Amino acid sequence: MIKFPKPTVEQFFRSYVISNFTVSPNEDQLLFSSNLNGTMNVWAMNLPDQYPYLFAHQDESSDFLKFDPEGRYVLAGFDRNGDENYQIYAIAPEGGLPQPLVTGDSEEKYFYAHLSEDGERLYYGTSKGNPRFINTHVRHLKTGDDELIQEGEQGATLLTAVSEDEKSFVFSTILANTYTLSFVKTEDGVYDLTPDREQVHVSGGATFVDSTIYFMTNYDSEFSYLAKFDLEEKEFKKVLDFEDESVKTLKYDKQREQFYIVTEKGVKDFFYRYDVKNGTLENIDAPVDVIEKIQVAKSGNVYILGRSAVIPHNIFKYNESGWKQLTANQVLGVSPEDMVDPEVVTYESFDGMEIEALLFRAKPENDNGYTVFWPHGGPQAAERKFYRAMFQCLLNRGYTIFCPNFRGSTGYGSSFVKMVEQDWGEGPRLDNIHAIEWLFDQGISSSEKLFLVGGSYGGYMALLLHGRHPEYFKAVVDIFGVSNLFTFVNSVPEHWKPIMKRWLGDPEEDKERFEKDSPVTYLDGMKKPMLVIQGAKDPRVVKEESDQIVDKLRHAGRDVEYLVLDDEGHGFSKKENEINVYQTMLDFLEKHQKVSQKV
Ligand SMILES: CC(=O)N[C@@H](C)C(=O)N[C@@H](C)C(=O)O
């Protein structure tokens, strides 16, 4: 009979992301943001039919989607070419071209916060007039009147919940990734949701349930738990915690008085239902390892967006009959069995600390003997069991991939996350070095067979490891990595500035450390071939970070390829750009497999 070849790398180029979704109030329409036609747009499915059609054409990614409860419009936020200056648009109920609703100068940001139950008042945050701390406004959609309701101070201050009578508001102020304070503003005063604002902790995800605010916090704890604040008694209480798991998402089912809760533990999420009245907790087996968004409908149906290492983004529905997959997003002709599910391994670092890591072993029939070492971005994030087209491309070409969750990663408790603060280049770097030594000890790789690839903070780590430890690697790929802490600290988005001191440090007070931990300090060591990839509109790690390292290395006569994507930001959202990046990277690695260099 007809025989078909094994999946080729080009098939993995053809996988699509779903970055967001929403379901209409009567659950007859599902909207999602996806690059199904090559660029990010809003797609729709009339449920329960499975055929997706283009709902709104903007060619940009969307940070939120919201149906008017009365069915008169849909709201969506779009930025421009990855600049992350999201602005708010309205789309006709039948779809079409988004029309500007709450927009301004191209440098301004407008964050959706809340839509009133009657769909007539839109609450939003904006950088306009307060780019560092963000102001909150309400726009009356019938009259167009706009009111300022809160001026942010100390840190970016975002509206996170509104009571049903729209008289009480919860705001969260971000002082650091590990220090976020939530407070409620009522008619009779302003109250912190947690007992002591001086204690470093995070709180967020507030929900009003009558006169109680439920929220998540790690106040006085390593892991985030469900807590409540009684508005009458002005009293804080822990409600429910999970051993070694942090609550990351809360969604309330008002009709049934229960919470759907997502927790994270290392590389995987867990899903629960908590009954507020009788205090029972039920673990629900989820169809994916990482859950990125949940919506609970009035009927009690629950919708989730998630992915696993071998399952790209999909949307699922859950009810008493179990799970139903609504989207059939798959890799072109490739089944999960044709892909590589990672092993979860641990190794000991320089100070005896145990570090968890993901090891994707190339299938024996593909194995080319080379390993890609991948320090993740963030750095207060983690490499988790979620599908990455880039990883499956590399695996298909025979590369094994190793991803350590070095100190500073999320999912292992608040002390662990804080370990990267004001220490970007020492502890985490040594965790990476010990990971490499572990790979060599296990016989998985050697310095003749190891490539280094990282993006963002991972790109920073790739540059730093290259400069300080070039002997370990054959060649290096830096994807929008920070190259110079002195320039980076001043070039981040304005609303990040309040967190910079705790996160990274102060360029004057910590001058010596900034010098020691900046990759540009180690140009002499960077002798291995390099590929640098950068989005020209990246607002987080600006192009100047890549330009300066490329210029300096080229000036020193080093072998550096530089790929700049003019219409991308901190990531590659357009299919043709993504393919260009993967192809360039695969060609670069293949070229340098054969070449042997001396340091
Ligand atoms: C403020 C913050 O932590 N931002 C991260 C999500 C982020 O974008 N970090 C960059 C540097 C990255 O590594 O992706």
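All values derive from a computational prediction rather than experimental measurement. Atoms within each ligand, like the ligands themselves, are counted from 1 in listed order. Only heavy atoms go into these numbers, but all of them, side chains included; no hydrogens, no water, no symmetry mates.
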**OP:** Could you tell me which atoms of ligand 1, counted from 1 in the order shown, lie closer than 4.0 angstrom to a heavy atom of N177?
**Re:** 1 (C), 2 (C), 3 (O)

Subject >> Heavy-atom pair of closest approach, residues N41 and Q58 >> reply: OD1-N, 2.7 Å

Subject >> W503 N/O to ligand 1 N/O under 3.5 Å >> reply: no

**OP:** Step through it carefully: locate the ring centre of Y460, locate the ring centre of W424, and say whether they are under 6.0 Å apart.
**Re:** yes

Original post:
Can you list the atoms of ligand 1 that are under 4.0 Å from a heavy atom of S456?
Top reply: 10 (C), 11 (C), 12 (C), 13 (O), 14 (O)

Original post:
With respect to F215, which candidate in T194, T160, V170 satisfies the side-chain contact (heavy atoms from CB on, under 4.5 Å) definition?
Top reply: T194

Original post:
For ligand 1, which atoms have a heavy atom of H570 less than 4.0 angstrom away?
Top reply: 10 (C), 12 (C), 14 (O)

Original post:
Do we see a donor-acceptor contact under 3.5 Å between the side chains of T487 and E545?
Top reply: yes

Original post:
For ligand 1, which atoms sit closer than 4.0 Å to a heavy atom of G377?
Top reply: 13 (O)

Original post:
What are the atoms of ligand 1, with element, lying closer than 4.0 Å to any heavy atom of Y457?
Top reply: 12 (C), 13 (O)

**OP:** State whether the side chain of S203 and the backbone N or O of H201 hold a donor-acceptor pair below 3.5 Å, judged by distance alone.
**Re:** no

Subject >> Worked check of side chain to side chain donor-acceptor pair (under 3.5 Å) between T157 and T173 >> reply: CA-CA 4 Å; T157 300; T173 300; 3.1 Å; yes

Subject >> For I499, atoms of ligand 1 separated by under 4.0 Å from a heavy atom >> reply: 1 (C)

**OP:** May I ask you to check if ligand 1 and W496 share an N or O to N or O distance below 3.5 Å?
**Re:** no

**OP:** Measure from atom 6 (C) of ligand 1 to every heavy atom in H376, R540, E84 and give the option owning the shortest one.
**Re:** R540

Original post:
Does W424 reach ligand 1 with a nitrogen or oxygen that is under 3.5 Å from one of the ligand's nitrogen or oxygen atoms?
Top reply: no

**OP:** Answer yes if the side chains of E151 and N135 hold a donor-acceptor pair under 3.5 Å, and no otherwise.
**Re:** no

Subject >> Any N/O pair G378/ligand 1 closer than 3.5 Å >> reply: yes

Original post:
Is the NZ or CZ atom of R307 both under 6.0 Å from the centre of the six-membered ring of Y387 and within 45° of that ring's axis?
Top reply: no

